[in-house]
Amino acid sequence: MHDIRFIREHPDAFDRGLARRGLAPESKRLIVLDEARRKIILELETAQARRNAASKEIGEAKKTKNEKKAAELMAEVAALKETIPAMEAAEKAASKALDDALAQIPNLPLDDVPDGKEPSDNVEHHRFGAKRDYAFTPKQHFELGEALSQMDFETAAKLSGARFVVLKKGLARLERALGQFMLDVHTSEHGYTEVAPPLLVRDEVMFGTAQLPKFADDQFATQGRIEEDDLQKFFDQLKYDERYLEAGPAIETRHGTTEIPYRLTREGLELFNFFRAAKNRHWLIPTAEVPLTNLVRESIIDEAQLPMRFTACTPCFRAEAGAAGKDTRGMIRQHQFTKVELVSITTPEQSRDEHERMLSCAEEVLRRLDLHYRVVTLCTGDMGFAAQKTYDIEVRLPGQNMYREISSCSVCGEFQARRMNARYRAKQDRNIRHVHTLNGSGVAVGRARIAVMETYQEADGSIAVPDVLQSYMGGMKKIAKSE
RNA sequence: GGAAGGGUGGCCGAGUGGUUUAAGGCACCGGUCUUGAAAACCGGCAGGGGGCUCUGCUCCCUCGUGAGUUCGAAUCUCACCCCUUCCGCCA
């Protein structure tokens with residue numbers, strides 16, 4: 001969420017930032033909304049101030065027995081009480097219009113983010129390791145997994161549909177081992193606090209990290225249950241407004257009378273669906289970034305507590321609404337996957353350095369697994385909604401013969417903090433300011449398993465267990481087919 | 001799912017219709033004292049927003065949220081949200 005005061009004071013810089021993302025200018029429209037808002041606030045507050053002053057004068061007039069003046073003042077207050085409610089409603093509407101508009105606008109890129117439109121415009125930052133030579137043609141992870149009878153898409157489809165998988169034996173354990181290993185590295189060596197967060201969260205939490213309102217279609221949510229009382233309340237609210245209720249076709253009853261039933265209009269149905277969806281709903285987290293970042297929502301933290309660093313290994317759930325046809329084979333893009341997440345809460349001064357640090361924490365995991373990867377700085381056109389700057393780590397998948405994203409580390413500035421109302425009290429001047437937030441995968445466990453499988457595959461289709469994982473695998477050195 | 005009790009500044013907490021302009025404490029900041037620190041004492045200290053002649057002055061809103069009653073609401077009424085405890089069910 002942007003600061004309207006910044007936009008008001010730096011409209012050109014704001015629009016330039018949007019332009020770098022390939023977006024049309026917004027400052028003019030926002031400033032118009034803001035001016036409308038401030039105008040009505042001024043009117044409302046003038047009326048309120050007069051009402052308050054007159055009320056005090058009433059007391060004084062009564063004290064001095066000036067009944068005539070008191071009566072006049074009371075008439076004035078009565079008149080103000082007629083007009084103030086409408087102004088209050090107008091003020092609310094104007095503020096909401098501005099907030100709704102602001103909520104739809106993505107964060108601005110930092111100066112050093114490369115300009116570009118597409119992933120191909122991302123800039124390589126550095127590499128670790130090198131492509132390996134194989135004496136055979138490396139297979140893709142799903143070929144390996146299915147041949148081992150430890151990765152089963154068909155059964156998963158019976159249970160849950162496409163984009164799910166059942167893992168067994170060594171591959172199931174490899175998933176667990178990777179998560180444990182990563183958490184241990186981050187907690188015991190990188191200073192992150194391990195958290196086991198809720199996987200189901202409220203609307204406002206999803207808004208805080210900016211999954212809502214814009215990306216609702218990408219999320220899974222639980223369905224609220226509607227009871228009879230709720231339904232009655234819903235229809236009471238409609239009040240036979242013809243936008244929502246209309247007369248249906250007449251029905252001849254058994255008794256020869258004609259009844260004209262009411263039914264929902266299209267808009268009424270939409271309203272009903274909205275009402276039902278919002279009732280007792282929870283969202284399934286698409287990433288632990290959501291609960292971890294929101295840990296500090298609606299609070300004022302002492303600067304001495306910063307930076308805060310949180311990590312969690314959780315399942316993540318994504319509807320993959322816009323990904324039809326993409327990565328349909330294998331486990332690259334699933335509705336459910338495991339990820340170790342890193343989140344930092346910092347002061348504005350710390351966030352840039354913390355971003356570099358977070359990247360190196362994520363990289364360390366891949367280094368110890370001895371996986372070849374490259375780091376790219378995302379271009380302005382490829383960055384996520386909330387990010388100011390993002391590094392992606394792309395791991396080499398020899399079977400796919402591609403580099404694929406395995407981690408994404410973003411600094412968000414105060415963009416999310418504003419949405420969450422997360423602030424800190426500065427040590428120096430005791431002022432309250434918004435914190436900065438950062439998030440990164442440290443790293444995606446599902447994709448790390450794929451990378452291990454494809455990188456460590458052997459000619460016979462078995463998979464060597466990387467040294468650092470063997471202790472997490474009960475000493476297992478090789479994942480091979482077993483009866 | 002049932003019942004009861006709650007939601008007040010960064011934190012704790014008083015306040016059940018009218019100097020609440022929200023007591024008091026803790027924390028924090030400044031000062032006095034001290035070789036220094038602690039203690040003690042003195043002073044300051046909620047958040048958000050608007051306006052202006054903008055280092056300042058001033059106004060508005062906020063006691064979970066929204067509506068209502070009233071000349072007047074933290075306080076009363078209604079609805080909703082959230083939390084806690086107990087009971088039931090349950091891994």
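Just so it is clear: chains get the letters A, B, ... in the order the sequence lines come, proteins before strands, and each one is counted from 1. FYI, side chains are in, hydrogens and waters are out, and symmetry mates aren't considered; it's all heavy atoms of this structure. Since the model is a prediction, treat every value here as computed from it, not as a measurement.
With C1' as the reference atom, A39(B) and G31(B) are 16 Å apart, rounded to whole Å. Of the C1' atoms belonging to C45(B) and C28(B), the separation is 8 Å, rounded to the nearest Å. Only the C1' atoms considered, G24(B) is 16 Å distant from A46(B), to the nearest whole Å. For the C1' atoms, the distance from C63(B) to G6(B) is 14 Å, rounded to whole Å. One C1' atom belongs to C82(B), the other to U8(B), and the distance between them is 16 Å to the nearest Å. Straight-line distance between the C1' atoms of A38(B) and G18(B): roughly 46 Å, to the nearest whole Å. Nucleotides C78(B) and U69(B) are separated by 15 Å at their P atoms, to the nearest Å. Atom name C1', nucleotides A22(B) and G15(B): the rounded distance is 8 Å, in whole Å.
When both pairing distances are held under 3.5 Å, A23(B) makes no Watson-Crick or G-U pair with any nucleotide shown. Under the Watson-Crick or G-U wobble criterion, with both distances below 3.5 Å, G36(B) has no partner in any strand shown. Across the strands present, C41(B) finds its partner in G31(B); the criterion is a Watson-Crick or G-U wobble pair with both atom distances under 3.5 angstrom. In this structure, A46(B) forms a base pair with U62(B), meeting either the Watson-Crick or the G-U wobble geometry with both donor-acceptor distances under 3.5 Å. Applying the Watson-Crick and G-U wobble criteria (two distances, each under 3.5 Å), G5(B) pairs with C83(B). The partner of C76(B), taking Watson-Crick or G-U wobble pairs whose two distances both stay under 3.5 Å, is G68(B).
Salt-bridge formation is detected for the pair D34(A)/R37(A): a Lys NZ or Arg NE/NH1/NH2 atom is positioned less than 4.0 Å from an Asp or Glu carboxylate oxygen.
Rounding to the nearest 0.5 Å places CZ of R419(A) at 4.0 Å from CZ of F207(A). Summarising the geometry, atom OG1 belonging to T222(A) is positioned 6.5 Å from atom CG belonging to L200(A); distances are rounded to the nearest 0.5 Å. To the nearest 0.5 Å, atoms CD (E175(A)) and SG (C313(A)) are separated by 8.0 Å. Note that the CD1 atom of I7(A) and the CG atom of L98(A) stand 7.5 Å from one another [nearest 0.5 Å].
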Distances under 3.5 Å between nitrogen or oxygen atoms of protein and nucleotides 44-50 of chain B:
from: G47(B); atom 1: O3'; to: R423(A); atom 2: NH1; distance (Å): 3.0
from: G48(B); atom 1: OP1; to: R423(A); atom 2: NH1; distance (Å): 3.3
from: G49(B); atom 1: OP1; to: R5(A); atom 2: NH2; distance (Å): 3.1
from: G49(B); atom 1: O3'; to: R37(A); atom 2: NH2; distance (Å): 3.1
from: G49(B); atom 1: N2; to: E45(A); atom 2: OE1; distance (Å): 3.1
from: G49(B); atom 1: N2; to: E45(A); atom 2: OE2; distance (Å): 3.2
from: G50(B); atom 1: OP1; to: R8(A); atom 2: NH2; distance (Å): 3.3
from: G50(B); atom 1: OP1; to: R37(A); atom 2: NH2; distance (Å): 3.3

Pull out every protein N or O sitting under 3.5 Å from an N or O of nucleotides 63-65 of chain B, one pair per line with the distance.
none

Can you pull every protein N or O that's under 3.5 Å from an N or O on nucleotides 81-85 of chain B?
from: C82(B); atom 1: OP1; to: R202(A); atom 2: NH1; distance (Å): 3.3
from: C82(B); atom 1: O3'; to: R202(A); atom 2: NH2; distance (Å): 2.9
from: C83(B); atom 1: OP1; to: R202(A); atom 2: NH2; distance (Å): 3.4

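No side-chain N or O of Q104(A) forms a donor-acceptor pair with one of E26(A) less than 3.5 Å apart.
Applying side chain to side chain contact (heavy atoms under 4.5 Å, CB included) to S344(A) and the options L438(A), N439(A), T437(A) leaves one that passes, L438(A). Of the candidates E414(A), E303(A), E349(A), R433(A) forms a salt bridge (charged side-chain N to carboxylate O under 4.0 Å, His left out) with just one, namely E349(A).
Aromatic ring centroids of F153(A) and F142(A) lie 6.0 Å or more apart. The aromatic ring centres of F415(A) and H2(A) sit less than 6.0 Å apart.
Using a 30° and 60° split on the angle between ring planes, F164(A) and H335(A) fall in the tilted class, from 30° to 60°. The aromatic rings of H190(A) and Y192(A) lie perpendicular to each other, with more than 60° between the two planes, well past the 30° mark.
Under the 4.5 Å side-chain criterion, counting only non-hydrogen atoms from C-beta, E354(A) is not in contact with L306(A).
With rounding to whole Å, D203(A) atom CG is found 15 Å from C80(B) atom C1'. The nearest whole Å value for the distance from the CD atom in E91(A) to the P atom in C61(B) is 11 Å. Here the P atom of nucleotide C54(B) and the CD atom of E9(A) are 16 Å apart, to the nearest Å. Regarding I301(A), its CD1 atom lies at a distance of 12 Å from the P atom of C11(B), rounded to whole Å.
Backbone-only engagement by K92(A) is indicated by non-hydrogen atom pairs under 4.0 Å involving sugar-phosphate atoms exclusively.
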